[in-house]
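In what follows, a single structure is set out as structure tokens and then discussed.
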Amino acid sequence: MASCSSVKAVVCEAQASATAEIEQDDQSAAESTGANFVPPLISSAQPVKAAQRQMKPLESEEIEEAHVLPPVYVSTVKFTPESRMKLYCDQILSSCKAEEADEAMSKYLIEKLRSRSTWLGVWKTNPELFFVKYDEGSIPYVGVLVEVTCRPPWQNQSSHLRATVSVTEPYSSNIANLPKELVEEVLDELDHCVPLLEVYPIDNHDSAVCAISEALENVRFFYDFLWRDWDDEEGCENYTALIEERIRLFYDIQDGTIPGPIGQRFKRTLEKYRNKRVELIEYQSNIREDPSAAEAVECWKKYYEILMICGLLKIWEDLRLRAQGPFFPRILRRKKGQRPSGKFVTHIVAKIMTAEMVKGFSANTLIQQHDNFDAALDNCFSGDTVVIFPGEYQASGFGMLTDNIIIKGAGSREEVIIFSDPTQDNFVASKSENISIIHLTLEQRGTTDGIVVVESGHMTLDDCFLKCEGTGVCVLTGAALTMKNCELTGAQGPGVELYPGSVAFLEGNDIHKCSIIKSSDILKSMLGGIKLKVLPPPKLKLHNNYVHSNNGYGVTIIQPDDRYCEDTNEEVLECAAGGDQRDDLVKAMQNMNLEMNNNRFENNSMGEIGIVNY
């Protein structure tokens, strides 16, 4: 678990050295001007002055081996989202504001610590405190058995977060040849005072110590997963409501409701944010006098990079990284329209172009050759055609389609593979009035949003293979999709999702192995092959499709009220159309303008068609 020097710095110091506490620059930003103005330390925690010590390597001489560490206490409490909310929002935080969260955590810990002032625990700290060089993979932490003393009265706001420790007998560590003398020396320099959250009580079946261990784990969880460094830097009218949303977000990532790639990207971005904060604080701490112009510029660069990452994280959290639909509205390039000359160009995408490739074109065809797909898109005007010859091509510009063009593969779809750019949040996103994608394979590699998102206008997918890694095809409100003779598989959400007021015509498609999320919540697994959100109802025509082997229904109808199923946990299973022609389901299908002919539904875990009320 990450170390910390104060409650508010728990998250930040997960990436920093556990004892590399740094001095804050005392220069006031308000008194600085011009190039000498350095952005203030954005960490709300005040860095603690600490003696600078030299990292010491292990001595090569033979030493007495340390004993094996005893097991630490592991809580058997199994939290649900509701029980987490009750603990943090109702019991610990109650109605406090973000800036009062530290105090609330203090009171919670103090109450638990009163039951036992002295106990044994394993102090887990950063290896950098002991080693100049080490293999991070082989030494995740340095652990030492210590006796912990926590006695009131608490002298200051953060004193409860630090404990007095001493090496106890038998001397025990997770590193057999770690000298006891070195540990004693390190503790002497720290005045035998270490962050309390770095100490893990051993499992001795003492109820008071068990309660302390559980309290420490709850505080670690709060600062590792629920606290954000910007919380007390901005006003928040209802902080507990924000914590509730983050608890839901945490469990949605854990149980697979949010596709794995999306959750991993969020975690990586949050990790990057924390690292950048520590980097700025350390950089500022090394400026001893008035900063030079270069130092001031560098501080501002780091500061604004942190602000940008922070803004992105807030957007993602506000939208809860939802598995269905796009992350956030696209910022698309401006529509070009037709070429000023009024002529249309055929763009050839191939590493090398030969005469054989173009012999099928008419004599007056205007041709441009490109060795990559994005270059072809950049040179397209409305009415142009992009012809892609066999090969694999990475696409970044696929997420910014605005003009009416035709994109098609030359040959069978298996031979022309377009794969996503993992640095982009989306793969294919269109606001074009009329665009066609024909005879090719779309393969997600690292992107997490819908493999195809039709934001507005009309898109045609014809004879395409859509190999999903994130979510499937999303048709947003007011947009239209025609999808023919395509195969779609692997979506972590529904294969095709229709938003209220959208239109789709699906014919001759093979939609299978979608909604492959891992979730214990039955409602969250009812995404199925095709999902429709009503009010206003979308329009859908299904002809000759094969929808099979999906987790959930073949077609899931999402309704925002209880008109058709009063108890979604029990009766929703009875709404399946596979063998049950209930009047309410027939009525729902009629009201939705759902037209179905000659479709095959097989091996969908919940049945053919179902209604789910949210």
Side-chain angles (χ1 to χ4, degrees), residues 256-262 264 323-326 392-395 398 407 409 412-422 426-429 437-454 459-475 481-498 504-519 524-532 540 542-556 599-610:
T257 301
I258 291 173
I262 294 180
Q264 290 301 318
Q324 302 88 34
E392 292 193 4
Y393 305 88
Q394 188 179 70
F398 234 167
I407 301 171
S412 66
R413 67 188 187 187
E414 293 79 10
E415 297 176 325
V416 182
I417 300 173
I418 309 295
F419 62 92
S420 56
D421 182 350
N426 58 291
F427 189 6
V428 181
I437 301 176
I438 307 169
H439 305 313
L440 51 80
T441 293
L442 299 176
E443 183 174 331
Q444 280 186 303
R445 299 182 186 177
T447 55
T448 52
D449 205 345
I451 190 169
V452 173
V453 180
V454 189
M459 173 178 283
T460 297
L461 292 172
D462 189 357
D463 189 31
C464 292
F465 178 39
L466 286 73
K467 187 176 180 181
C468 304
E469 186 176 273
T471 53
V473 175
C474 300
V475 188
L481 169 71
T482 298
M483 183 172 167
K484 297 181 179 181
N485 306 314
C486 295
E487 180 179 356
L488 188 154
T489 187
Q492 295 195 32
V496 178
E497 180 173 12
L498 304 184
F505 175 46
L506 309 183
E507 181 178 13
N509 301 292
D510 183 357
I511 301 172
H512 61 101
K513 296 180 182 176
C514 295
S515 294
I516 53 175
I517 59 175
K518 298 177 181 179
S519 175
K524 293 176 182 178
S525 67
M526 293 179 183
L527 303 177
I530 300 170
K531 178 180 176 183
L532 299 86
L540 174 62
L542 290 172
H543 295 171
N544 302 310
N545 296 282
Y546 183 29
V547 183
H548 63 103
S549 306
N550 297 291
N551 185 20
Y553 296 105
V555 177
T556 304
N599 298 285
R600 293 171 55 200
F601 296 92
E602 294 180 355
N603 299 322
N604 298 294
S605 65
M606 303 298 295
E608 294 184 7
I609 304 174

Practice item. Working to the nearest 0.5 Å, report the span between OG1 of T460 and CD1 of I407. Key: 12.0 Å
Point to revise | Ion pair R600/E608, N-O distance below 4.0 Å | key: no
Exercise for review: Search all heavy atoms of P494 against all heavy atoms of C514 and return the closest pair with its distance.
Suggested key: C-CB, 4.4 Å
Review point. Among T556, N550, L542, which one satisfies side-chain contact (heavy atoms from CB on, under 4.5 Å) with I530?
Key: L542
Check your understanding: Is a donor on one side and an acceptor on the other found under 3.5 Å between the side chain of N509 and the backbone of C486?
Key -> yes
**Study point:** Salt bridge present between K484 and D462 (N-O < 4.0 angstrom)
**Key:** no
Exercise for review: Check D510 against H548 and note the closest heavy-atom contact, atom names and distance.
Suggested key: OD1-NE2, 2.8 Å
Review point. Given N599 and V547, is the side-chain contact (heavy atoms from CB on, under 4.5 Å) satisfied, shown in steps?
Key: CA-CA 8 Å; N599 298 285; V547 183; 6.0 Å; no
Check your understanding: Is there a side chain to side chain donor-acceptor pair (under 3.5 Å) between D463 and H439 once you walk through the steps?
Key -> CA-CA 5 Å; D463 189 31; H439 305 313; 2.8 Å; yes
Check your understanding: Do L461 and T482 touch side chain to side chain, with heavy atoms closer than 4.5 Å?
Key -> no
**Study point:** Beyond-backbone contact of L488 with C468, side-chain heavy atoms, under 4.5 angstrom
**Key:** yes
Study note, to complete from the structure: Interatomic distance, CD@E443 vs CD@Q394, rounded to 0.5 Å, equals 11.5 Å
Practice item. Please examine the side chains of L498 and L540, heavy atoms only from C-beta on, and report whether any two atoms are closer than 4.5 Å. Key: yes
Check your understanding: Could you go step by step and tell me if E392 and R445 meet the salt bridge (charged side-chain N to carboxylate O under 4.0 Å, His left out) rule?
Key -> CA-CA 12 Å; E392 292 193 4; R445 299 182 186 177; 3.3 Å; yes
Check your understanding: Among L442, I451, L506, which one satisfies side-chain contact (heavy atoms from CB on, under 4.5 Å) with V473?
Key -> I451
Check your understanding: How many angstroms lie between atom CG of L481 and atom CZ of F505, to the nearest 0.5 angstrom?
Key -> 11.0 Å
Review point. K467 and F419: side-chain contact (heavy atoms from CB on, under 4.5 Å), yes or no, with the steps?
Key: CA-CA 9 Å; K467 187 176 180 181; F419 62 92; over 6 Å; no
Exercise for review: Show the numbers, then the answer: is there a side-chain contact (heavy atoms from CB on, under 4.5 Å) between V452 and M459?
Suggested key: CA-CA 10 Å; V452 173; M459 173 178 283; 3.4 Å; yes
Check your understanding: Any Lys/Arg nitrogen of E415 or R413 sitting under 4.0 Å from an Asp/Glu carboxylate oxygen of the other?
Key -> no
Study note, to complete from the structure: Closest non-hydrogen contact found for I609 with Y553 is C-CD2, 3.7 Å
Exercise for review: Compute whether any side-chain donor of one residue and acceptor of the other, for N603 and H512, lie under 3.5 angstrom apart.
Suggested key: no
**Study point:** side-chain contact (heavy atoms from CB on, under 4.5 Å) between T441 and C464, worked out
**Key:** CA-CA 6 Å; T441 293; C464 292; over 6 Å; no
Review point. Where the side chain of S515 meets the backbone of G493, is there a donor-acceptor pair that is under 3.5 Å apart?
Key: yes
Review point. Once the angle between the rings of F398 and F427 is folded into 0 to 90°, is it parallel (under 30°), tilted (30 to 60°) or perpendicular (over 60°)?
Key: perpendicular
Review point. To the nearest 0.5 Å, how far apart are CD in E497 and SG in C474?
Key: 5.0 Å
